[in-house]
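These numbers were taken from a predicted model, which means no experiment stands behind them.
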Amino acid sequence: QVQLVESGGGLVQAGGSLRLSCAASGFIFSINTMGWYRQAPGKQRELVATITSAADPNYADSVKGRFTISRNNAKNTVYLQMNSLKPEDTAVYYCNVRLYALTDYWGQGTQVTVSS
């Protein structure tokens with residue numbers, strides 16, 4: 001029932017930009033904090049950004065000043081605008097919601113590759 005459908009990944013040169021989108025369904029989107037995570041090969045999945053129901057954002061230190069998370073409750077969609085991309089941003093990016101402070105739901109992941 002819960003579904004998170006991601007789009008927008010791709011290959012970009014260092015210094016370029018991408019915008020990721022996550023279309024959500026199967027839960028009350030507007031009252032839940034949404035998040036973006038990423039996982040590079042051989043590394044732990046790490047938090048990139050979150051945005052609360054009040055649209056307050058939080059960012060990992062590694063992306064502050066470069067990435068912007070936003071949401072459109074009318075479209076049940078959360079976005080991640082990624083600017084000034086670096087090769088170390090290369091990872092699979094996942095959309096996330098935690099429901100009932102218990103169960104994590106994930107999108108399918110979208111590959112972001114930044115070439116040097």
Flag side-chain contact, heavy atom, 4.5 Å: Tyr105 against Thr103: yes
Main-chain N/O of Glu6 paired to Gln108 side chain as donor or acceptor, under 3.5 Å: yes
Over all atoms of both residues, closest heavy-atom pair of Arg71 and Thr52: NH1-O, 2.9 Å
N/O donor-acceptor pair under 3.5 Å between Tyr59 side chain and Gly65 backbone: no
Which atom of Pro57 lies closest to which atom of Ile69, heavy atoms considered: CB-CG2, 3.6 Å
Interatomic spacing from OG1 in Thr110 to OH in Tyr94 - rounded to 0.5 Å: 10.0 Å
Main-chain N/O of Phe29 paired with Asn32 side-chain donor or acceptor, under 3.5 Å: no
Spacing of CD belonging to Gln81 relative to CG belonging to Leu18, to within rounding of 0.5 Å: 8.5 Å
Spacing of CG belonging to Asp89 relative to OG1 belonging to Thr113, to within rounding of 0.5 Å: 11.0 Å
Value rounded to 0.5 Å, distance of CG in Asn73 from CD1 in Ile28: 11.0 Å
Cluster check Trp36, Val2: I/L/V/M/F/W/Y, side chain < 4.5 angstrom: yes
ILVMFWY network linking Val92 to Val78, side-chain heavy atoms under 4.5 angstrom: no
Verify same cluster id: Ile51, Leu99 (apolar side-chain graph, 4.5 Å): yes
Minimum heavy-atom distance Ala40-Ala91, with the two atoms named: N-CB, 3.9 Å
Test side-chain contact (heavy atoms from CB on, under 4.5 Å) applied to Asn72 and Tyr79, step by step: CA-CA 8 Å; Asn72 186 331; Tyr79 305 94; 4.0 Å; yes
Short side-chain donor-acceptor distance under 3.5 Å, Asn96 and Arg98: no
Pairwise salt bridge (Lys or Arg N to Asp or Glu O under 4.0 Å) hits with a residue in residues 8-18, at least two apart: none
Closest approach of Pro87 to Ser116 (non-hydrogen atoms, all atoms of both residues): CG-CB, 3.8 Å
Pairs meeting criterion disulfide (SG to SG under 2.5 Å) with involvement of residues 35-110, two or more places apart: Cys22-Cys95
Sequence neighbours excluded, every pair satisfying disulfide (SG to SG under 2.5 Å) that has a member inside residues 32-77: none
Separation between CZ of Arg19 and CG of Leu80, rounded to the nearest 0.5 Å: 10.5 Å
Any side-chain heavy-atom pair of Arg38 and Val112 under 4.5 Å: no
Aromatic ring pairing Trp106/Tyr37, orientation class (parallel under 30°, perpendicular over 60°, tilted between): perpendicular
Thr90 side chain to Val114 backbone, donor-acceptor under 3.5 Å: yes
Side chain to side chain, Arg66 and Met82, heavy atoms closer than 4.5 Å: no
Verify same cluster id: Leu4, Ile31 (apolar side-chain graph, 4.5 Å): no
Heavy-atom neighbours of Leu47 CG exceed 12 at 6.0 Å: yes
Test item: Asn76 and Phe27 side chains (from C-beta on) under 4.5 Å apart, heavy atoms: no
Separation between CD of Gln1 and OG of Ser25, rounded to the nearest 0.5 Å: 7.0 Å
salt_bridge(Lys64, Asp61) N-O dist < 4.0 Å: yes
